[in-house]
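This report refers to the structure that appears directly beneath it.
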Amino acid sequence: MERRTARLTLLIDPRKKAMFEQLCAREDVTPSQKVRQFIRDYVQQQLGDDWMDDAEAALRTKEGDD
């Protein structure tokens, strides 16, 4: 489970946005929840199940640089 959040802003065609919101409502999820699910699935597909360990290490290194 994610502990922190970061904002992701994107531009999308208004018609696609409207349809996406309707489809999310059918599943009783928010568009944000669905986008987070898409991103989790994509990252895991590309990097494998242990991707979060690598991400945590990279984040700790970045925080140490600040």
Going from [atom1] on [X] to [atom2] on [Y], what distance comes out if it is rounded to the nearest 0.5 angstrom?
X	Y	atom1	atom2	answer
Arg40	Gln45	CZ	CD	14.5 Å
Asp13	Met19	CG	CE	11.5 Å
Gln33	Thr30	CD	OG1	3.5 Å
Glu56	Thr61	CD	OG1	11.0 Å

Identify whether [X] and [Y] are in the same connected component of the hydrophobic contact network (ILVMFWY, side-chain heavy atoms under 4.5 Å).
X	Y	value
Val35	Val29	no
Leu8	Leu11	no
Trp51	Ile39	yes
Ile12	Phe38	yes

(request) Assess whether atom CG of Asp28 is packed by more than 12 heavy atoms of other residues, nucleotides or ligands within 6.0 Å. (result) no
(request) Measure the shortest side-chain to side-chain distance between Val43 and Gln46 over non-hydrogen atoms and say whether it is less than 4.5 angstrom. (result) no
(request) Mind listing the closest non-hydrogen atom pair of Pro31 and Cys24 along with its distance? (result) CA-SG, 3.8 Å
